[in-house]
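Predicted model only: the values in this text are computed from it and were never measured. The figures that follow rest on heavy atoms only: side chains count, while hydrogens, waters and symmetry mates do not.
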Amino acid sequence: MKLTLASLTLASLACVRSQDLNSTIVGCVEVGCPASTADTANDNCTVVDDSFTYVGLTRVPTTQESLQGLSWTKGFDIIDSPQNNRSFQSSFFLGTPPDLNLNNTGACSVFLHGVSTSLSFGNDGTNNETSQGTCADAMGSACVNALLDRARTLFQGSETNSTSNADLCSALQDNLDKNMDDACQRVSQGSWTNLSSTALTGNGSPQPISAEENSTSTCWPVLPKQYQLTHVTDHTVPGTLLVSDAQKAELSITPILTVFYPRGDGSVVSDIDASLTCVKVVGPSRASLDTMSDGSGDDEGSAMSLSPSSTLAVAMGALLAVFFMGM
């Protein structure tokens, strides 16, 4: 049996990429958030300098095989200042396979913050900590398809377009801001508001969190654990001391329009890939589970997982055993 070490490495990475989530959106229980030291009921997932009581992780519904495994993670926290001012902060991270090469590939993300608190996955128009679904559930398939068609049309010809990735991404945000598809009138209540955009590739684009930056982290909210994590953007809104306001902000659903497009030879995509991801944080907290006393007995979610995890090590070990047995 003749296998090359290179083929074994590729096979192990393919195995890792095929690891899927056990539900559409997963939270601290699945990613392994450490327990808070302030109480026994909440988690505290710290990534670099930001701490989150809740997180939500979901896959990007891409149609390109080369992009399989991409994910968006949302972290939420309530920030209180000494002046008794409160704000609600949501942070967004892109999870990518370690072997993904986006050279000669453009990528853009547009966040539809304005509709977040009005969306729901359930028929009763409300969300709870365990509710989850897709953008088709929250916005309707017709609106989703209209947004994707608009994005694909805008990025036509991008391979030979000299416009920067950042400018193309801003153009998509501007296009959405100035135009409204009939299929989205009900969802948007007439217009898209509070949009933000970030180019994911090109000059000035956010980069994966480095080992040095990650030294202060206690958590790595992505699956599989050896995936890279890139802090893309934050969204902060003024808050109040009302519990109902905090819950509404915490359980809001954020639609993210993600577009990948070829920009030359060697691109990982052969055509424009546009997708809409709806992400929210989900519970319960890991610390609150009856089977765990403090959430600190398992370091699966710790930041040390930035290096290859046990999943990859086991996969590589098994494949290498086959390799050496066949020599």
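Of the residues Lys74, Gln247, His235, Lys280, the one that meets the side chain to side chain donor-acceptor pair (under 3.5 Å) test with Ser252 is Lys74. With respect to His231, the side-chain contact (heavy atoms from CB on, under 4.5 Å) criterion is satisfied by exactly one of Asp50, Val47, Val48: Asp50. Here the options are Asp273, Val60, Thr105, the test is side-chain contact (heavy atoms from CB on, under 4.5 Å), and the partner is Leu67; only Asp273 passes.
Among all heavy-atom pairs drawn from Pro206 and Ala199, the shortest one is CD-O, 3.3 Å. Here the closest non-hydrogen pair linking Gln89 and Ile79 is OE1-CD1, 3.4 Å. Scanning all heavy atoms of the two residues, the minimum distance from Asn175 to Asn179 falls at O-ND2, 2.8 Å. Taking each heavy atom of Leu289 and Pro284 in turn, the nearest pair found is CD2-CG, 3.8 Å. Between Gln156 and Ile272 the shortest heavy-atom distance is N-CD1, 3.6 Å. Residue Pro208 comes nearest to Gln228 through the heavy atom pair CG-OE1, 4.0 Å, listed as atom of the first residue, atom of the second, then distance.
For Asp177, there are no salt bridge (Lys or Arg N to Asp or Glu O under 4.0 Å) partners, not counting sequence neighbours. Residues passing the salt bridge (Lys or Arg N to Asp or Glu O under 4.0 Å) test with Arg150 are Asp181, sequence neighbours excluded. Applying the salt bridge (Lys or Arg N to Asp or Glu O under 4.0 Å) rule to Asp167 yields no partners; only residues at least two apart in sequence or on another chain are considered. Take Asp80 and apply the salt bridge (Lys or Arg N to Asp or Glu O under 4.0 Å) test, not counting sequence neighbours, and it matches Arg86.
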Under the side-chain contact (heavy atoms from CB on, under 4.5 Å) rule, what do Leu200 and Ser205 come out as? Steps first, then yes or no, please. CA-CA 5 Å; Leu200 302 173; Ser205 62; 5.7 Å; no

In sequence, state the C-alpha distance, the side-chain angles, and the governing distance for Ser158 and Asn161, and then conclude on side-chain hydrogen bond (donor to acceptor under 3.5 Å, both in side chains). CA-CA 5 Å; Ser158 57; Asn161 193 325; over 6 Å; no

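Side-chain atoms of Asn128 come within 3.5 Å of backbone N or O of Ser131 as a donor-acceptor pair. Thr230 places no side-chain N or O within 3.5 Å of a backbone atom of Val232 that could act as its donor or acceptor partner. Side chain of Ser288 to main chain of Ser285: a donor-acceptor pair is present (N/O by atom type, distance under 3.5 Å, no hydrogens or angles).
Counting heavy atoms from C-beta on, the side chains of Asp77 and Tyr54 never come closer than 4.5 Å. Between Leu94 and Trp72 there is a side-chain heavy-atom pair separated by less than 4.5 Å.
Within the model, atoms CE of Met139 and CG of Leu147 stand 5.5 Å from one another, a figure rounded to the nearest 0.5 Å. For the atom pair CG of Leu257 and CG of Leu276, the computed distance is 6.0 Å after rounding to the nearest 0.5 Å. Rounding to the nearest 0.5 angstrom, the gap separating the CG atom in Asn42 from the OG1 atom in Thr37 is 11.0 Å. Of the inter-residue distances, the one linking Ser71 atom OG with Arg59 atom CZ reads 5.0 Å to the nearest 0.5 angstrom. We find the CG-SG distance between Asp137 and Cys278 to be 8.5 Å, quoted to the nearest 0.5 Å.
A disulfide bridge connects Cys45 to Cys219: their SG atoms sit within less than 2.5 Å of one another.
Screening residues 141-184 for ring pair (Phe, Tyr, Trp, His ring centres under 6.0 Å) gives Phe155-Tyr261 as the qualifying pairs, with residues at least two apart or on separate chains.
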With a 3.5 Å cut-off and sequence neighbours excluded, list the donor-acceptor pairs that the side chains of residues 107-118 form with protein atoms.
{"residue": "Ser109", "atom": "OG", "partner": "Thr198", "partner atom": "O", "Å": "2.9"}
{"residue": "His113", "atom": "NE2", "partner": "Ser196", "partner atom": "OG", "Å": "3.1"}
{"residue": "Ser116", "atom": "OG", "partner": "His113", "partner atom": "O", "Å": "3.1"}
{"residue": "Ser116", "atom": "OG", "partner": "Ile253", "partner atom": "O", "Å": "3.2"}
{"residue": "Ser118", "atom": "OG", "partner": "Val115", "partner atom": "O", "Å": "2.9"}

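Remark: the Arg263 side chain and the Asn165 side chain contain an N/O donor-acceptor pair separated by less than 3.5 Å.
Note: Phe76 and Phe88 have tilted aromatic rings, judged against thresholds of 30 and 60 degrees for the angle between ring planes.
Within a 6.0 Å radius of CG in Asn85, more than 12 heavy atoms belonging to other residues, nucleotides or ligands are found. Counting heavy atoms of neighbouring residues, nucleotides and ligands inside a 6.0 Å radius, atom CD of Gln185 exceeds 12 of them.
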